[in-house]
Number of protein chains: 2
Amino acid sequence: MSIVLDPKKNHLLAALPESEWQRWRPQLEPVEMPLGEVLSESDRILDHVYFPLTAIVSLLYVMEDGASAEIAVVGNEGIVGVSLFMGGETTPSRAVVQSAGVGLRLKAQMMMDEFNRAGPVMHLLLRYTQALITQMVQTAACNRHHSLDQQLCRWLLLSLDRLEGSELAMTQELIANLLGVRREGVTEAVLKLQEAGLIRYARGQITVLDRPGLEQRSCECYAVVKKECDRLLPDRLAV
Amino acid sequence: MSIVLDPKKNHLLAALPESEWQRWRPQLEPVEMPLGEVLSESDRILDHVYFPLTAIVSLLYVMEDGASAEIAVVGNEGIVGVSLFMGGETTPSRAVVQSAGVGLRLKAQMMMDEFNRAGPVMHLLLRYTQALITQMVQTAACNRHHSLDQQLCRWLLLSLDRLEGSELAMTQELIANLLGVRREGVTEAVLKLQEAGLIRYARGQITVLDRPGLEQRSCECYAVVKKECDRLLPDRLAV
DNA sequence: CTCCGTCTGTACGCTAACGCACGTACAGAC
DNA sequence: GTCTGTACGTGCGTTAGCGTACAGACGGAG
């Protein structure tokens, strides 16, 4: 089965100047991104960077004892593999598909060459990287000070922003792993949201019923990340 | 009083190619960096970037309710103000001097111009930024999974690496603010370390007696950050 | 239609860290 | 030598989240 998709669904690709776009287009390879696929392993050199179109990718840090924590999330607004052009080649974290979908990928060498032209593409990617940094900072602060309930709201909203519709296919177990908390804790938090009429949960299917309600229950962290994303990543690249 | 100092104490400056160094030298302005000084306020445009020589700077996120959390720490291995060349101009976090000392600063415009030459300076700064990202990621994970005791050890080690000697001037109150925990919690953790003979504490003066002991008590996070710093920032820039 | 695996809900004791409220003790000012 | 402020130590009740254990419940495979 071949994948039919609109590359421009990825905001970074959509923001490319026409000339770059023409050059990239034939090199962009469509890929399925099934749930759980590891796009980049900790401390391993990447051979591709990924532009999610409908998938969502989690950047995780996995501890020595196996516990994990989500550091940031990448959807159709971004790119997986920033360490490549940042010059480090590898990073101590892992990129895993959190919500199945499709995407496009580009050979690492091509990405490097394009970045090193030091033109608008570079500046676009650096701005995206700063947005990613904001997300990481906020995750750190949020992990320190906010309750599981608030964090769940933040997480739902971040995921929702990167999907079409208001459905989310995730088991509580999976969410718990990403947030780095107990599964039972997620159950409790989810029930509270359900009782409040904000979501409906049924065996791995979350339906968001009241988005503003979620935003209100969430900590400030979601709003900060959203604002920075919007500020740093205008729909069209101003050249 | 004029400040006498060796600019090459900052690893980034030390790694500059000779030609850049000659150009930068006259533009680098020595500055005192007293405890508590705010080098960059959240969401405010920077007019300088700072290269600490003997000072240590904390990057903090300050929440709406006033609580704060340290996201990363910058000493003589780095630069304060990466958001400038990353293209965002501002960031939602704050940079505060955590340990008094001296540093050098450079006008924002000059920093931009130098970065935009897209040569070795740019690549050096990007690699440093990736090291900083590693620190943020690790902070996030650490905040999630590790005990106050472990985090204190990590924090002491990170600070120690950025200072000469084994003395550290910090009150427990200040440490608590940075880690985003209670002052009493720090007291307890410090006492444990003291009883174990790893440090000596007296009214804002910490003396580290047994560094290997601290490393052993610390979580993996310190080692990961250290390793990435060493990997990404060789003493000399390979041109 | 039934069986079985996965997913979800519940319960209970435990611990780390919190919030608050004191007491103490050192250090420099006068 | 006393006085005062900052820094440090301690105690106690509270709470969020953990670990463990288990029961129900849904849904696809056969």
Side-chain angles (χ1 to χ4, degrees), chain A residues 35-36 63 65-70 98-99 140-156 167-196 199-207 217 219, chain B residues 35-36 63 65-70 98-100 140-156 167-196 199-207 217-219:
Chain A
L35 178 63
M63 327 218 67
D65 68 359
S68 63
E70 190 180 72
Q98 174 216 109
S99 174
C142 198
N143 281 352
R144 164 63 61 208
H145 289 293
H146 296 141
S147 70
L148 204 167
D149 293 30
Q150 291 177 304
Q151 292 184 41
L152 178 62
C153 290
R154 170 180 65 93
W155 187 88
L156 285 172
E167 294 276 325
L168 223 153
M170 288 289 292
T171 66
Q172 299 183 352
E173 177 93 44
L174 220 34
I175 297 177
N177 282 153
L178 293 177
L179 292 181
V181 298
R182 267 191 332 157
R183 199 260 315 156
E184 291 88 332
V186 174
T187 301
E188 275 190 61
V190 160
L191 287 180
K192 279 189 223 167
L193 294 182
Q194 192 156 269
E195 275 154 30
I199 64 170
R200 202 171 48 226
Y201 202 122
R203 285 187 90 72
Q205 280 295 326
I206 309 175
T207 310
R217 286 218 176 194
C219 45
Chain B
L35 178 64
M63 325 217 70
D65 68 0
S68 63
E70 190 179 74
Q98 173 215 109
S99 174
C142 198
N143 281 352
R144 163 64 59 210
H145 289 292
H146 296 141
S147 71
L148 204 167
D149 293 30
Q150 291 178 303
Q151 291 183 42
L152 178 62
C153 291
R154 170 179 66 92
W155 187 88
L156 285 172
E167 293 277 323
L168 223 154
M170 288 290 291
T171 66
Q172 299 183 354
E173 177 92 44
L174 220 34
I175 297 177
N177 282 153
L178 293 177
L179 292 181
V181 299
R182 270 190 329 157
R183 202 257 316 155
E184 293 90 327
V186 175
T187 301
E188 276 191 62
V190 161
L191 286 180
K192 279 189 223 166
L193 294 182
Q194 191 155 268
E195 275 155 29
I199 65 170
R200 203 171 48 226
Y201 202 123
R203 283 187 91 71
Q205 280 294 328
I206 310 175
T207 311
R217 285 216 177 196
S218 168
C219 45

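Computed from a prediction, not measured in an experiment: that's the story for all the values here. Each chain gets a letter, A, B and so on, in the order its sequence line appears, and its residues count up from 1.
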Grab the CD1-C1' distance between I175(B) and dA7(D) for me, whole Å please. 12 Å
In whole angstrom, what separates L148(B)'s CG from dA16(D)'s P? 19 Å
Could you let me know what dG17(D) is paired to, Watson-Crick or G-U wobble, both distances under 3.5 Å, or none if it's on its own? dC14(C)
Do the side-chain N or O atoms of Q172(B) get closer than 4.0 angstrom to the phosphate oxygens (OP1, OP2) of dG9(D)? yes
With a 4.0 Å cut-off, would you call D149(B) and R217(B) a salt bridge? no
Which heavy atom of L193(A) sits nearest to which heavy atom of C153(A), and what is that distance? CD2-SG, 3.9 Å
Would you kindly give the CG-to-P distance between L193(A) and dT8(C), to the nearest whole Å? 14 Å
Q151(A) side chain to C142(A) main-chain N or O, any donor-acceptor pair under 3.5 Å? yes
Using whole Å, what does the distance between atom C1' of nucleotide dT8(C) and atom CD of E173(A) come to? 11 Å
Within the side chain of R144(A), is there an N or O that forms a donor-acceptor pair under 3.5 Å with the backbone of S68(B)? no
Mind listing the residues from residues 178-187 of chain B sitting with a heavy atom below 4.0 Å of DNA chain C? Number order is fine. V181(B), R182(B), E184(B)
With no hydrogens and no angle check, is any side-chain donor or acceptor of N143(A) less than 3.5 Å from a backbone partner on A140(B)? yes
Proximity to the side chain of L191(A) - top-ranked nucleotide from dC26(D), dT10(C), dT10(D): dT10(C)
What is the distance, to the nearest angstrom, from the CD atom on Q205(B) to the C1' atom on dC26(C)? 14 Å
Does a distance-only test, which skips hydrogens and angles, find a donor-acceptor pair under 3.5 Å between the side chain of R203(A) and the base of dT6(C)? yes
Starting at atom CD of Q151(B), determine the distance to atom P of dA16(C), rounded to an integer number of angstrom. 14 Å
Strictly by Watson-Crick or wobble contacts shorter than 3.5 Å, is anything paired with dC12(D), and which nucleotide is it? dG19(C)
Over how many whole Å does the gap from N177(A) atom CG to dT6(C) atom C1' extend? 15 Å
Distance alone, cut at 3.5 Å: any donor-acceptor contact between the side chains of Q172(A) and E184(A)? no
Distance, rounded to the nearest Å, where E195(B) contributes CD and dT10(D) contributes C1': 13 Å
Minimum heavy-atom distance between T171(B) and Y201(B), given as atom pair plus value: C-OH, 3.2 Å
